[in-house]
Amino acid sequence: MVLVSPRTASQGLRSSFRPYAVQNPFIQRPGTPLSRRWLATSAAEQPRLRLGSVGPAPNFKAKTTHGDIDFHQFIGDKWAILFSHPADFTPVCTTELGAFAKMKHEFEKRNVKMIGLSANDLSSHGSWIKDINEISNTNLQFPIIADANRKVAFLYDMIDQQDLENIDEKGIAFTIRSVFVIDPQKKIRLTMMYPASTGRNTTEVLRVIDSLQTGDVKGVTTPIDWVPGDDVIVPPSVNTADAKRKFGDIREVKPYLRFTNVGE
Ligand code: BEZ
């Protein structure tokens, strides 16, 4: 994998901007295992993958089950979910990938490209996908990144601290279960982090994508447990008179808690 600077000079760099590999010197300290380089790198030098940060989601080039990719080119003008797995042929990961594979049409409907990552190489991914398809009676069609050396896992901070400090005999930390939702501007819009012991929930991943996309299009926020069709919240930045003009009916529970409905 080759790391790519997240911005080019023509994109109006902040004066403090430095290419990603310079910002993160663990990447540039060859000779020691990546995990140890990471541990030797101060917290201030490690990635800051903040929601909505002005810098885009870090780019990278990687080998996947669908060939070599440049991550930003892969996303193109769509949304993307990048989700990671600790290892091939492990039970929880196998159930998760089968479930994600079955949701392909739901993600497509929302204009979202799916890409998985697992910390093994391509030959192992290939035979694991056959197992996943057999077990879940599906046909997994999205690419899975081969991240045996954890380069993408470190770049996206998909590492458990305890595992990092108890590095296995190969000097490599396990990858955790992260989900990154990235928008067409390559902004990280949502992250979820689960430990290796807990499988994710595909319905929740779809629900948060629905919330983000509804918020972008309609200019609203969504309450606890919201699903499409439920009432949404008028943001505090919109006064009630403007909200009535924009949305029609407003249900005011408190001056700061006003609901409306924007349909599915
Ligand atoms: C699993 O997918 O079952 C798993 C992977 C790594 C550690 C523990 C569990």
Side-chain angles (χ1 to χ4, degrees), residues 1 26 33-39 46-47 49 58 60 62-66 69 71 80-104 106-107 112-182 188 190-209:
M1 188 198 71
F26 68 90
L34 195 57
S35 306
R36 295 194 193 287
R37 271 182 264 155
W38 178 269
L39 278 177
Q46 293 182 17
L49 302 176
F60 57 83
K63 296 203 176 304
T64 81
T65 49
H66 290 197
I69 61 153
F71 186 50
I81 55 162
L82 166 66
F83 47 97
S84 58
H85 299 271
D88 295 0
F89 300 105
T90 49
V92 177
C93 300
T94 302
T95 62
E96 286 189 310
L97 276 164
F100 276 122
K102 287 186 159 174
M103 306 292 266
K104 174 177 179 281
E106 292 298 329
F107 287 101
V112 179
K113 290 184 88 172
M114 309 168 76
I115 184 162
L117 172 152
S118 184
N120 291 99
D121 62 26
L122 281 184
S123 61
S124 160
H125 283 3
S127 17
W128 186 34
I129 288 170
K130 287 189 196 134
D131 271 11
I132 293 164
N133 286 340
E134 179 198 320
I135 291 163
S136 296
N137 190 24
T138 188
N139 178 15
L140 192 157
Q141 286 179 33
F142 50 82
I144 302 181
I145 297 167
D147 195 39
N149 58 13
R150 281 45 159 193
K151 287 254 175 89
V152 178
F154 276 98
L155 186 64
Y156 272 78
D157 219 351
M158 298 162 164
I159 304 287
D160 181 292
Q161 184 67 29
Q162 278 192 356
D163 195 39
L164 189 57
E165 285 164 4
N166 297 290
I167 297 165
D168 68 23
E169 70 283 356
K170 292 186 227 121
I172 297 184
F174 263 129
T175 301
I176 56 166
R177 303 181 195 287
S178 297
V179 181
F180 286 85
V181 176
I182 298 169
I188 297 174
L190 185 132
T191 65
M192 298 179 184
M193 288 190 190
Y194 286 62
S197 55
T198 304
R200 284 160 283 205
N201 182 310
T202 48
T203 308
E204 173 62 1
V205 176
L206 286 177
R207 193 191 74 85
V208 294
I209 291 169

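First listed ligand is number 1; within each ligand, the first listed atom is number 1.
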Mind checking what makes side chain to side chain donor-acceptor pair (under 3.5 Å) contact with Thr198, not counting sequence neighbours? none
Would you indicate whether the side-chain heavy atoms of Phe100 and Leu140 approach each other to under 4.5 Å? no
Could you work out, with side chain to side chain donor-acceptor pair (under 3.5 Å) as the rule, every residue matching Arg177, not counting sequence neighbours? Glu96
Neighbouring protein residues of ligand 1 - any heavy atom closer than 4.0 Å: Pro86, Thr90, Pro91, Val92, Cys93, Arg177, Ala196
Indicate yes or no for a side-chain donor-acceptor contact from Thr175 to the backbone of Met158 under 3.5 Å, with no hydrogens or angles considered. no
Mind jotting down which residue pairs meet the side chain to side chain donor-acceptor pair (under 3.5 Å) criterion with at least one end in residues 126-139? Sequence neighbours excluded, please. Thr94-Trp128
Do His125 and Asp88 meet the criterion of a side-chain donor-acceptor pair at a distance under 3.5 Å? yes
